2 protein chains.
Amino acid sequence: MSHTSGAAGAPAPAPLRVRQAQKEQTRRALLDAGLRLLDRQSLSSLGLREVTREVGVAPAAFYRHFPDLAALGVALVGEALGSLHTVVRDALAGGAAGADAAELIDRTVAITVAYADEHRAHIRFIARERYGGVRPVREAIAAELARFTEEVATGLAAQPASAGWSPAELRVLAGLYVDHMVQTAAAVMEAPQDDPAARDTIVETARMRMRIISLGRAHWLDGR
Amino acid sequence: MSHTSGAAGAPAPAPLRVRQAQKEQTRRALLDAGLRLLDRQSLSSLGLREVTREVGVAPAAFYRHFPDLAALGVALVGEALGSLHTVVRDALAGGAAGADAAELIDRTVAITVAYADEHRAHIRFIARERYGGVRPVREAIAAELARFTEEVATGLAAQPASAGWSPAELRVLAGLYVDHMVQTAAAVMEAPQDDPAARDTIVETARMRMRIISLGRAHWLDGR
DNA sequence: TCAGTCAGTGAACAAGTGTTATCTGAGTTC
DNA sequence: GAACTCAGATAACACTTGTTCACTGACTGA
């Protein structure tokens, strides 16, 4: 490798772009503070000053990172739903392994609930803003969810159970699964965190709903 | 009948309780104005002064009718979901008549979409606040939706197709139908009002989803 | 080493907010 | 017709809000 400065090359204490790193750091702080505050209120009622106060930074500093609170919201949508793509790959990957249908459904529900638990704030944010009062955020969520549905659709297409299904039909099915997932995650948020009984009811309900849907899928081609 | 005053009894120009009627009138105006403003924003960002200004009344007058904006929201939930009960009765009544399954599904979807169109503001409000930032409103919606699910469940129980289903299972199925209805109505809101193609896609998607669910229902008892 | 960049500061701005106390006058009741 | 009630008006309160501006000073690159 070529060296850019005369310093000792091995440990590389990364003196490069300290400025940029610091900026990124307060940007993160703004996003985190925003997400934290959004646990109890919705984006349209969140104040710019509220966020900067939480971070401990001057109000004007906000504009160095986002033009708007809406822009911050859109950024949050990105990280909330971006990390979800790996999850869906996990869930769909289970289909390739030789597990039976019931087991697969339980696994998918378990993955969904676990994810919802690990990302409470993100999920709550998505559920709240999906039909919320801020247009650009709503659109960002819709777009991300659409990409997501497409991904599930192509995943389903690879399964033997999808023989004879048109791409359009598979997309509808995928959308049904995705909406069901979002609904389940939102339900988990709504239940008190320390009430295992309520949680079990949610999980059991989610399983049965998914079984019904999968049963319908299995018999879709019965009448030609 | 007995007369309470000596005036001519027949036409009864209703001089009684003028005060109360006037109060009710501005209460209605507040609710209407609130709903109108909530088409473009969510409850948590709505201002008390904003509402009274829209009505043309002093800010302080608001407190004669509601302690809170949250209380106004709860009242709106009541009227938004109250009128829906008659709709579900309509849809379920179709089951009693001798229509075949496919026709029944189309009818139900049509009813749902028509209702959503006629009550745009109400539906938008419910979708927005279901997981919105105002706790009491969220709870009111959840409670109303639960009552609603119960009603659907007892309606389904009366159908021959429900033989062998436990009440708990019927409740899950009813919940699935209800959530699907809400989802469909919300999707109708999201589509541009003057784009028939987008609307058709939504209707067609809703139908197929419902067919899948109903198919799953029909085969639920296949494996005992 | 030195000039330039730019993330964050501090102060001021014009508006907006929810809430309160006091007053007014039409509607009610006897 | 006089006494009372109470929906709504008026005005003031103490804040909070988003946005702007000129500024400071650590980091950057030559």
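Because the structure is a prediction, the values reported are computed rather than measured. Numbered from 1 within each chain, the chains take letters A, B, ... in sequence-line order.
Using cut-offs of 30° and 60° on the angle between ring planes, the pair B/His119 and B/Tyr115 is parallel.
Applying the 4.0 Å criterion to OP1 and OP2 of C/dG8, one finds that A/Thr26 has a side-chain N or O inside that range. The side chain of A/Gln22 contributes an N or O atom lying less than 4.0 Å from OP1 or OP2 of D/dC27.
In this structure, the side chain of A/Arg138 does not engage the main chain of A/Tyr131 through any donor-acceptor pair within 3.5 Å. With hydrogens and angles ignored, the 3.5 Å screen pairs no side-chain donor or acceptor of A/Arg209 with any backbone N or O of A/His180.
Between A/Thr149 atom OG1 and A/Leu170 atom CG the span is 12.5 Å, to the nearest 0.5 Å.
Contact annotation for A/Arg27: no contact, since no heavy-atom pair falls under 4.0 Å across all strands.
Taking for each of A/Ala60 and A/Arg53 the nucleotide of DNA chain D with the nearest heavy atom, the 5'-most of the two is the partner of A/Arg53. With the nearest nucleotide of DNA chain C identified for both B/Gln20 and B/Glu50, B/Glu50 has the one nearer the 5' end. In this structure, A/Ala61 and B/Leu69 both approach DNA chain C, and ranking their closest nucleotides by distance from the 5' end singles out A/Ala61.
Atom CD in A/Gln25 sits roughly 15 Å away from atom C1' in D/dA26 (whole-Å rounding). A/Arg49 has its CZ atom 11 Å from the C1' atom of C/dG10, to the nearest Å. Protein atom OH of A/Tyr63 is 15 Å distant from nucleotide atom P of C/dT9, rounded to whole Å. The NZ atom of B/Lys23 sits 14 Å away from the P atom of D/dA9 (whole-angstrom rounding). Atom CZ in B/Arg64 sits about 12 Å away from atom P in C/dT20, given to the nearest Å. Taking atom CZ on A/Phe66 and atom P on D/dG18, their separation rounds to 15 Å, with Å as the unit. Atom CZ in A/Phe62 sits roughly 9 Å away from atom P in D/dG18 (whole-Å rounding). Taking atom NE2 on B/His65 and atom C1' on D/dA9, their separation rounds to 13 Å, with Å as the unit.
Within 3.5 Å, no donor on the side chain of B/Arg17 pairs with an acceptor on the base of C/dG27, nor the reverse. The base of D/dT5 sits within donor-acceptor range of the side chain of B/Arg19, with an N or O pair under 3.5 Å.
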- Take B/Arg199 and B/Asp117 through the salt bridge (charged side-chain N to carboxylate O under 4.0 Å, His left out) test and state the conclusion after the steps. CA-CA 11 Å; B/Arg199 280 181 58 96; B/Asp117 265 328; 2.7 Å; yes

